[in-house]
Amino acid sequence: MSVSSQSSTGTMPVAPALMYSMFLLASHLSASSPQVSALEPEFLSRAVGSVSQILTSTSQRTETRTSDHPHWKVLQAIQSHVLLAQYFFLTGRKLEGRYSVTIAVSLVLGTRMHRIRSEEEALQSFGMHRETGRGIHTGGYTSGSGAQVVNPREETERINAFWTVLALNSRWTAIEGNARSSSTIQRFLANTPDDGHSTLALHAKACILLEQAFDLVNRYDQSQPSSATGSSQSAQNFLGAFNSLIGLTTRFTSELPPVDSVPDSPPSTTSSFPRALNSGSKKRQLLVIHTLVRVAAIRLYSLFENTNYSGPNERVRTHQLKLEAANEAARMIGLIDGRGVVFIDSVMAMLWPVIAHVLITEIRRLGGRGGHTQVEYQGSFDLISRAMSGLAPCSTLMSEQLGKMQGSRSM
């Protein structure tokens, strides 16, 4: 793989930071190959060392503005930070993972990747320039000569980079319990044209719903000390926010393609492995999306169930909806062929225990009197436990969360 500064074929060179980040993840996931796994520390050192240099001038080694770099170099910088973030989350180093996410977010926003450049330039071609405080801003990247570079492939890469970073930021912001940190990217989202049906777009929207659910829970918890004053207005505000968010979550869930809508790749004597791998990857992506949005629903139902705003009948219905969401999320694991799978999005290590907690709490409440329903919930819990156990050897975070889940199970 060439890392030179020029390419005779016209293909953009691969930056060392991106190359080492890919090698780092590959070595970590190569548990069956000790020779490759042994290289992980070296790849980590090189990836971390080179990622800070990717947007540094090669001639003078001085920092330059992000917008002054070729588009492919900025994209590779974003990709490198995303891969490093995934590695750090996978290995339980969440602080370093959040740092890499923050850098990726800054690069996306700093290069106006949240805007569709082709539309902006179409407007400009009709004389509809947008004035800013510093003159006319065309948006997008520039080439080395300052000319705009626009083509469908580049536009697709920009959109994919935006959705990927948005999803990564939103879900880990929610999991870490600090939903305020992504307010900047939320403001930009309103200006993002999107058909809303790509897998990356669905993934990002599911992450946003999860973040908003956690944010509502945090806001409700923080408002409790002052609930004695203005209780009527507080109830009205809460119910309005809750009904809007649970309605959006429910509608979004109903519009998602089912996990089993992706057909299994048929056997082939020439390319069966790549095709099967691609099919399984798409199913796992859908599994992550469905799990994200159902955990968002679980958090919302749990919140409403424990507020003073719900009556007895509403609490019973909400409790049942929460159980249905948890059971559905767990049963979907059975739709995935987990044989040979060593990686799934690391956020699942944080989501599956939430679902398992709902199921095991209900099993305890039933106390052996639940009959078929209790057996079904136990089966769903076992699916989560087996999935986490199978992935734990390659993920420190998954192993840690599995241990905590098993510990609470025995209590």
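Numbers here are sequence positions counted from 1.
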Exercise for the section: List in chain and number order the residues that pass salt bridge (charged side-chain N to carboxylate O under 4.0 Å, His left out) with Glu305, two or more places apart in sequence or in another chain; answer none if no residue qualifies. Expected result: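 Expected list: Lys322.
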Handout entry: Nearest non-hydrogen partners of Lys283 and Val259, listed with the distance
Key =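 Distance-wise, the nearest heavy atoms are CG-O, 3.7 Å.
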Problem - Exercise: identify the closest heavy-atom pair between Ser21 and Ser80 - result: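 For Ser21 and Ser80, the tightest heavy-atom pair comes out as OG-O, 3.8 Å.
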Under 3.5 Å, is there a donor-acceptor pair between the side chain of [X] and the main chain of [Y]?
{"X": "Gln76", "Y": "Ala15", "result": "yes"}
{"X": "Asn169", "Y": "Val165", "result": "no"}
{"X": "Asn327", "Y": "Leu323", "result": "no"}

Partners meeting side-chain hydrogen bond (donor to acceptor under 3.5 Å, both in side chains) with [X] (sequence neighbours left out):
{"X": "Glu400", "answer": "none"}
{"X": "Asp260", "answer": "none"}
{"X": "Gln320", "answer": "none"}
{"X": "His357", "answer": "none"}

Problem - Within residues 77-109 or reaching into it, pairs that qualify as ring-ring contact (aromatic ring centres under 6.0 Å, His included) - sequence neighbours excluded - result: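 The answer is His28-Tyr87, Phe89-Trp172.
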Handout entry: Test side chain to side chain contact (heavy atoms under 4.5 Å, CB included) applied to His319 and Glu324, Glu314, Arg365, the passing residue
Key =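 Among Glu324, Glu314, Arg365, the one that satisfies the side chain to side chain contact (heavy atoms under 4.5 Å, CB included) with His319 is Arg365.
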Checking [X] now: which residues fulfil side chain to side chain contact (heavy atoms under 4.5 Å, CB included) with it, not counting sequence neighbours?
{"X": "Thr164", "value": "Val82, Leu200"}
{"X": "Asn237", "value": "Gln233"}
{"X": "Ser33", "value": "Ser30, Gln35, Val36"}

Problem - Residues which pass ring-ring contact (aromatic ring centres under 6.0 Å, His included) with Tyr20, listed by chain and number, not counting sequence neighbours - result: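 If we apply the ring-ring contact (aromatic ring centres under 6.0 Å, His included) test to Tyr20, skipping adjacent residues, there are no hits.
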Exercise for the section: If a pair satisfies side chain to side chain donor-acceptor pair (under 3.5 Å) and one of its residues is in residues 244-253, list it, with sequence neighbours excluded. Expected result: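 Residue pairs passing side chain to side chain donor-acceptor pair (under 3.5 Å), neighbours aside: none found.
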Practice task
Could you name each residue pair satisfying side chain to side chain donor-acceptor pair (under 3.5 Å) that touches residues 382-399, not counting sequence neighbours?
Solution key: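 Residue pairs with at least one partner in residues 382-399: Gln378-Asp382.
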